[in-house]
Amino acid sequence: MNRFEFATAQRIIFGRGVFRELPDLCRSFGQRTLLITGSRPQQWEGRLPYVGVHSISGEPTVEDIQSGVALAKQLGADVIVAIGGGSVVDAGKAISAMSTQPGDLMRYIEVIGEGKPLDATPLPYIAVPTTAGTGAEATRNAVIASTEHRVKASLRHISMLPRIALIDPELAADVPPSVTAASGMDALTQCLEAFVCSRSQPMTDALCLDGIQRAIRSLERAFQNGHDLEAREDMALCALNSGIALANAGLGAVHGFAAPIGGMFHAPHGAVCAALLAPVWEANSTRVQDRTKFAQVDAMLGGDAVSYLHALTARLHIPKLHQWGITETDLDQIAHKAAAASSMKANPVSLTHEELTAILRTAL
């Protein structure tokens with residue numbers, strides 16, 4: 001067995017209605033809460049005491065993080081709370097981390113910066129996801145887009161794991177079906193990739209298998225009826241499991257592709273992963289030598305995982321990649337960038353450039 005380590009959020013609070021505990025949790029860290037949220041911050045007024053709000057529209061950029069850090073310092077924030085989808089949760093993670101560092105973001109961010117470890121402990125951070133997708137409430141990195149470099153890069157450190165992950169499945173009840181589908185497919189992708197990746201380990205395997213089973217029985221139910229709280233609960237736990245698993249094991253080619261695509265095009269992360277999952281799984285399944293885990297997934301998905309994933313993608317009306325402006329002429333560049341992505345390093349097989357472009361062509 002390979003050496004492994006396991007770390008996750010300091011405290012996880014999960015269940016219907018636990019959002020009501022948030023004000024007291026904030027006060028346990030101090031009186032000055034900075035709220036990081038999406039484009040409709042007014043929906044949280046009166047539900048949480050805060051001294052300031054920083055809104056993120058879309059996936060966070062370098063500028064979003066820098067302005068959030070400036071606001072946190074200006075307000076003298078004691079605690080950062082992020083309420084929203086994976087992008088908002090990542091933004092809060094990065095703002096809490098950078099608010100205490102002596103250097104600027106470029107000292108610590110990977111790929112486009114120096115990638116140095118953090119010098120100081122981040123501000124206390126509470127992550128409150130409202131979608132079931134990235135599992136960012138349990139990961140140690142924040143994905144940040146650089147418009148200048150046309151790439152997405154991570155700020156990463158073990159101290160960035162949230163002090164508290166507060167997961168209330170009821171918060172996802174009004175999420176639109178298209179977002180439920182894309183984010184749910186992302187959570188399923190993360191469970192599948194972490195399960196078969198080269199750095200998988202027993203503790204994450206157990207979480208992945210549980211997450212896969214929950215997605216199989218509940219993703220389509222949540223897509224069809226957002227107020228099916230049993231299905232929302234299953235998907236919230238699937239996403240949490242996937243976040244813990246990827247933070248401790250790794251991912252694979254789907255996320256290797258998603259990083260450059262997200263930097264080059266205005267394409268939502270979950271939708272990109274959803275479009276790529278079936279063709280990547282098919283390529284890996286064909287090439288991998290030890291098929292033990294792939295056979296296990298086949299058994300869970302009705303005997304043929306590839307057919308199941310292609311059909312699920314169609315039933316959830318996942319858009320093809322061309323709908324985000326990607327064309328045949330972009331595939332070569334995307335494949336080259338994907339080959340160098342950090343997630344690709346844990347893929348169970350080493351895919352050739354021709355195989356990478358073939359996967360993209362299938363998803364196009």
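Numbers here simply count residues along the sequence, with the first being 1. In this text the structure is predicted, and so the values were computed from the model without any measurement.
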Minimum heavy-atom distance Cys208-Ala194, with the two atoms named: SG-CB, 3.7 Å
Polar side chain donor-acceptor pair, Asp298 to Tyr308, under 3.5 angstrom: no
Side chains of His157 and Asn141, donor plus acceptor under 3.5 Å: no
Val196 backbone acceptor or donor facing Ser200 side chain under 3.5 Å: no
Gln190 (side chain) donor-acceptor with Ala239 (main chain) under 3.5 angstrom: no
Nearest atoms (heavy-atom pairs only) where Ala153 meets Val111: CB-CB, 4.0 Å
Neighbour count above 12 (heavy atom, 6.0 Å) for Gln43 CD: yes
Atom pair CD (Gln10) and CD1 (Ile126), whose distance is rounded to the nearest 0.5 Å: 11.0 Å
Derivation and outcome, salt bridge (Lys or Arg N to Asp or Glu O under 4.0 Å), residues Arg221 and Asp234: CA-CA 10 Å; Arg221 282 173 53 192; Asp234 263 352; 5.3 Å; no
Common cluster, Leu118/Leu161, ILVMFWY with side-chain heavy-atom separation under 4.5 Å: no
Pair Asp186-His255, side-chain hydrogen bond (donor to acceptor under 3.5 Å, both in side chains): steps then yes or no: CA-CA 9 Å; Asp186 187 22; His255 283 79; 3.2 Å; yes
Between Glu59 and His269: side-chain donor-acceptor atoms closer than 3.5 Å: no
Val79 with Tyr125, same ILVMFWY side-chain cluster at under 4.5 Å: no
Validation row: Ser343, Phe257 side chains within 4.5 angstrom (heavy atoms): no
Minimum heavy-atom distance between Leu276 and Ala363, given as atom pair plus value: CD2-CB, 3.8 Å
Minimum heavy-atom distance between Ile167 and Pro169, given as atom pair plus value: O-CD, 3.6 Å
Salt-bridge criterion met for Glu21 and Arg11 (N-O under 4.0 Å): no
Backbone N/O of Ala222 and side chain of Asp228: donor-acceptor pair under 3.5 Å: no
Distance (rounded to the nearest 0.5 Å) between Thr313 OG1 and Lys320 NZ: 8.5 Å
Separation of Ile261 CD1 from Gln333 CD (nearest 0.5 Å): 11.0 Å
N/O donor-acceptor pair under 3.5 Å between Ser99 side chain and Ser96 backbone: no
Contact summary for Ile318 and Ala271, nearest pair of heavy atoms: CG2-O, 4.0 Å
pair Arg16-Glu230: side-chain heavy atoms closer than 4.5 Å: yes
CG on Leu277 to CD1 on Ile359, rounded to 0.5 Å: 11.0 Å
ILVMFWY cluster, Tyr50 and Ile164 together (side-chain gap under 4.5 Å): yes
Contact check, side chains of Leu301 and Ile216, non-hydrogen atoms, under 4.5 Å: yes
Met160-Val62 co-clustered via ILVMFWY side chain contacts under 4.5 Å: yes
Under 3.5 Å side-chain donor-acceptor pair for His54 and Asp64: no
Minimum side-chain heavy-atom gap His310-Ser307 below 4.5 Å: no
Electrostatic pair Asp210:Arg214 at N-O distance under 4.0 angstrom: yes
Non-hydrogen side-chain atoms of Leu35 and Pro41 separated by less than 4.5 Å: no
Test item: side-chain donor near acceptor, Arg287 and Ser350, under 3.5 Å: no
Side chain to side chain contact (heavy atoms under 4.5 Å, CB included) assessment of Lys93 paired with Thr139: CA-CA 9 Å; Lys93 205 183 301 176; Thr139 61; 2.6 Å; yes
Trace of the side-chain hydrogen bond (donor to acceptor under 3.5 Å, both in side chains) decision for Ser87 with Asp90: CA-CA 5 Å; Ser87 294; Asp90 267 3; over 6 Å; no
Donor-acceptor pair, side chain of Tyr108 and main chain of Gly103, under 3.5 angstrom: yes
Intermediate values then yes/no, side chain to side chain contact (heavy atoms under 4.5 Å, CB included), Val349 and Asn347: CA-CA 6 Å; Val349 297; Asn347 198 59; 3.8 Å; yes
Whether Gln201 side chain and Glu5 backbone form a donor-acceptor pair below 3.5 Å: yes
Interatomic distance, Ile36 atom CD1 to Ile95 atom CD1 [nearest 0.5 angstrom]: 4.0 Å
Donor-acceptor contact below 3.5 Å, side chain Arg163 vs main chain Pro124: no
Polar side chain donor-acceptor pair, Thr327 to Asp330, under 3.5 angstrom: yes
Expected output: side-chain Glu193 to main-chain Val254 donor-acceptor under 3.5 Å: yes
Close side-chain approach of Ile83 to Leu22, heavy-atom, < 4.5 Å: yes
Among Arg156, Lys152, Lys116, the one residue meeting salt bridge (charged side-chain N to carboxylate O under 4.0 Å, His left out) with Glu110: Arg156
From CA spacing to verdict: side chain to side chain contact (heavy atoms under 4.5 Å, CB included), Leu312, Met185: CA-CA 9 Å; Leu312 179 63; Met185 283 288 278; 3.7 Å; yes
Close side-chain approach of Leu209 and Met300, heavy atoms under 4.5 Å: yes
Residues Lys293, Asp205: salt bridge by 4.0 Å N-O rule: yes
Backbone N/O of Gln101 and side chain of Asp119: donor-acceptor pair under 3.5 Å: no
Side chain Asp78, main chain Gln31, donor-acceptor under 3.5 Å: yes
Heavy-atom side-chain contact between Asp332 and His353 under 4.5 Å: yes
Spacing of Ser242 atom OG and Leu237 atom CG [to the nearest 0.5 Å]: 10.0 Å
Side chain to side chain contact (heavy atoms under 4.5 Å, CB included) assessment of Leu364 paired with Ile326: CA-CA 7 Å; Leu364 196 58; Ile326 300 169; 3.8 Å; yes
Salt-bridge present (Arg27, Asp24; N to O < 4.0 Å): yes
Heavy-atom pair with the smallest gap, counting every atom of Ala339 and Leu356: CB-CD1, 4.1 Å
Co-membership, hydrophobic cluster, residues Phe223 and Ile212, 4.5 Å side-chain: yes
